[in-house]
Amino acid sequence: MNAPSLTFSTDQAEAWDAISSVLRLSGIDLDDGLLLPPKSDTPSVLAVVGKAGSGKTMLLAALTRALNEAGVDIVSGDWEGKRRKDRRTLAILAPTNKAASVLRGHGVPATTIHRILYTPVYDPEYEKVAEWLAGQGDRPEIEALTDVALDRAYASYQINTSVPAALAAAGLRGSDFITGWKRREDPLDIGLVDESSMLDARQFTDLQDIFPTLLLFGDPAQLPPVQSSGGMVFETLPKGRTLTLHRIHRQDADNPILDLAHALADPEVDYHHFERLVAEAAAKDPRVVLAQRVEADLMARSPVLVWRNATRIRLIHAFRAAFDAPADELLAGEPLICDGIELPLKHRKKRLDLEARGLIKGAQVVYLGPGKRPGFSRLHVFGAEEPRVSAASIVKIEQEGDAEPFIPFAARMGATFLHGAAVTIHKAQGSQWDTVQVFAPDIEIAARMGRVEAGQPLWKRLAYVAITRAERELRWVVRSMLAKPKTTLGVDDLEAPATPLVLTSE
């Protein structure tokens, strides 16, 4: 085995060898860094599973580096050059923008599944610029771009290898150079899919249509997709196609958050025993806090994680009241969650445009203020490579009980949003925040109900997913109280790109 020069555990080394064998059949020799003709045209799917901290991301990153060094082209989803017969392609994917941004934080050039399923159509003039930036053509002469602008584009591309970002550095908007989106026609070679526990059967089928070699990375202890039949796609693979990682790699020192997550696997640990473990961890380590109340200030950027919708709605109203938000409008800085796109079929192109820019179901955004036209909002999309957008918006503030949602403002059609100060644990999957507040009374109710899901008590799955969303600090909130904010809502903490993209639904 010629694995990268890093410390692998025994199970990681075994997984590397198994993956190398699969890639060798597809014509990629990681041992010698060679690209060869495929030895088999049989599609292959392999899964690497393990709990939080088992080293899945470390292995995925090492594979990405090795494939890149072997000469495999990484497809980002923002632009693709002309198809070459000798070209071998790789895409690193995640189900959501937030999950993709977590990977990018580890140096892995990830994109969303949607951005691979649908590819951008470039204006022919700017296609020449893209080819030049990627080293596939000569420096073009474009009437709309000066030499100085082209130099800025080139300098940007050397830093981030993103064609849209480079063109934005040249002073262009997305609508200037992207004329539309189309369903991918040509397959790629290899797909690495992180957070595959979130995939549904349809997405899995779509990915198999595109990638003859597909590697899934997932956590079997997470919650299955809401729309699934109760399982995860990698659980349907034949025997011997799933590789399991066991050893914990995250951080050299003990991580109390991971210790708590793994304690949930002990069948002797019931809810009250687990809460004692939380209290003991909090007494020893500041990274775990046994909190008496929810902190309103934190809710503006990292939502409280709850199980029940009724709890979510109550906390959202408490958050808005704490910041004196008016009932008939949003304050700049309020968090939102994209709930989908409401556009008629004839506007399919615009739907794809909005989704490609990050406004997919579940995307986390911050309201920056009203747009220039009625019904439009300026938004910051977390995890998107170009986070600032302006889009026709329909914002719904849900009410308790059976009351109809209150809509402070709305376009006739466009992206729909719910408030994001609190979200359900199901919707939090794939995301991570520096500090996470978990509303423990909800999880205690799930424990009292005694529900079981896929052979595991539901409360344990909920607790596992919730606490593993925390990167640095876990706050286990034990009382139904909200602390008054110490600051006012604002957007100064959100960095703006040089040229925002302007999206319309008209």
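Keep in mind it's a predicted model, so treat the numbers as computed, not measured. Numbering of residues begins at 1 and proceeds along the displayed sequence. These numbers come from the heavy atoms of this one structure, side chains and all, not from hydrogens, waters or symmetry mates.
- Electrostatic pairing of D194 and K56 does not count as a salt bridge here, judged by no charged N lying under 4.0 Å from a carboxylate O.
- Side-chain contact between R184 and I210 is present, with heavy atoms from C-beta onward closer than 4.5 Å.
- Once rounded to the nearest 0.5 Å, the distance linking CG of L336 with OG of S377 reads 7.5 Å.
- In this structure, T416 contributes its side chain and G340 its backbone to a donor-acceptor pair below 3.5 Å.
- Annotation: the span from H114 atom NE2 to Q203 atom CD amounts to 10.5 Å, rounded to 0.5 Å.
- Residue A52 comes nearest to T468 through the heavy atom pair CB-CG2, 3.7 Å, listed as atom of the first residue, atom of the second, then distance.
- You'll find the side chain of I113 stays beyond 4.5 Å of the side chain of T96, heavy atoms only.
- Side-chain N or O atoms of D189 include one that pairs as donor or acceptor with a backbone N or O of T89 at under 3.5 Å.
- Panel note: side chain R451, backbone L458; no donor-acceptor pair is recorded below 3.5 Å.
- Using a 4.0 Å cut-off between charged nitrogen and carboxylate oxygen, R139 and D147 count as a salt-bridge pair.
- Checking side-chain atoms of K460 against main-chain N and O of V452 turns up no donor-acceptor pair under 3.5 Å.
- A donor-acceptor contact shorter than 3.5 Å links the side chain of T64 to the backbone of L60.
- Across every non-hydrogen atom of W307 and I425, the tightest pair is N-CD1, 4.4 Å.
- Ion pairing between a basic and an acidic side chain is recognised when a charged N comes within 4.0 Å of a carboxylate O; D206 and R183 show such pairing.
- A cation-pi geometry, defined here as NZ or CZ lying under 6.0 Å from the six-membered ring centre and within 45° of its normal, does not hold between R378 and Y367.
- In this structure, the separation between CG on L145 and CG on L167 is 7.5 Å, given to the nearest 0.5 Å.
- Going from atom CG of L46 over to atom CG of L237 covers 8.0 Å, rounded to the nearest 0.5 Å.
- When side chains are defined from C-beta on, F211 does not count as touching V45, because their heavy atoms never get closer than 4.5 Å.
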message: Test side chain to side chain contact (heavy atoms under 4.5 Å, CB included) on V436 and L305; report intermediate values, then the result.
response: CA-CA 8 Å; V436 164; L305 304 187; 3.7 Å; yes
- prompt: Does the pair R475 and T435 meet the rule for a side chain to side chain donor-acceptor pair (under 3.5 Å), with working shown?
  reply: CA-CA 7 Å; R475 299 183 66 85; T435 301; over 6 Å; no
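- In plain terms, the two heavy atoms of P335 and A300 that are nearest each other are CB-O, 3.6 Å.
- With Q429 contributing its side chain and L223 its backbone, the two residues share a donor-acceptor pair below 3.5 Å.
- Using a 4.0 Å cut-off between a side-chain N of Lys or Arg and a carboxylate O of Asp or Glu, R24 and D17 do not qualify as a salt bridge.
- In this structure, the side chains of H419 and R312 stay at 4.5 Å or more apart for every pair of heavy atoms.
- Between the CG atom of D11 and the CG atom of L245 there is a distance of 5.0 Å, given to the nearest 0.5 Å.
- With hydrogens and angles disregarded, a donor-acceptor distance shorter than 3.5 Å links the side chain of Q12 to the backbone of S9.
- The shortest non-hydrogen separation linking V233 to L199 is CG1-O, 3.7 Å.
- Judged by distance alone, with hydrogens and angles left aside, the side-chain atoms of E235 form a donor-acceptor pair with the main-chain N or O of M232 at under 3.5 Å.
- The aromatic rings of H262 and Y464 stand perpendicular to each other, their planes meeting at an angle above 60°, with 30° marking the opposite boundary.
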task: Start with the C-alpha gap between I190 and L23, add the side-chain angles, then the distance that decides, and say whether side chain to side chain contact (heavy atoms under 4.5 Å, CB included) holds.
output: CA-CA 9 Å; I190 304 163; L23 293 175; 3.8 Å; yes
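- With salt bridges taken as basic N to acidic carboxylate O contacts below 4.0 Å, none links D219 and K51.
- Shown here for A169 and S156, the closest heavy-atom pair between the two residues is CB-CB, 3.8 Å.
- With hydrogens and angles disregarded, a donor-acceptor distance shorter than 3.5 Å links the side chain of R88 to the backbone of L36.
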task: Begin from the C-alpha positions of Q364 and S431 and carry the test side chain to side chain donor-acceptor pair (under 3.5 Å) through to its verdict.
output: CA-CA 10 Å; Q364 300 161 35; S431 297; 2.8 Å; yes
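- Around CD of E141, the count of heavy atoms belonging to other residues, nucleotides or ligands within 6.0 Å does not exceed 12.
- Side chain of D32 to backbone of L34: no donor-acceptor contact under 3.5 angstrom is found.
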message: What verdict does the salt bridge (charged side-chain N to carboxylate O under 4.0 Å, His left out) test give for R301 and D434, after you've listed the backbone C-alpha separation in whole Å, the side-chain angles of each residue and the deciding distance to 0.1 Å?
response: CA-CA 10 Å; R301 295 296 177 265; D434 176 80; over 6 Å; no
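- For the pair F177/P120, no side-chain contact is recorded, criterion being any heavy-atom separation below 4.5 Å from C-beta on.
- V306 places a side-chain heavy atom less than 4.5 Å from the side chain of V304.
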CA sep, side-chain torsions, deciding dist, call: N255, D259, side chain to side chain contact (heavy atoms under 4.5 Å, CB included): CA-CA 6 Å; N255 185 325; D259 290 344; 5.6 Å; no
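- Between I92 and T111 there is no side-chain heavy-atom pair separated by less than 4.5 Å.
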- request: Please report the C-alpha distance between T179 and Y126 in whole Å, then the side-chain angles of each, then the deciding distance to 0.1 Å, and finally whether the side chain to side chain contact (heavy atoms under 4.5 Å, CB included) criterion is met.
  value: CA-CA 11 Å; T179 61; Y126 298 113; over 6 Å; no
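- Atoms CG and CG, on L359 and L379 in that order, are 6.5 Å from each other to the nearest 0.5 Å.
- Smallest separation of non-hydrogen atoms from L93 and L103: O-CD1, 4.4 Å.
- Taking 4.5 Å as the limit, every side-chain heavy atom of F217 sits out of range of all side-chain heavy atoms of V193.
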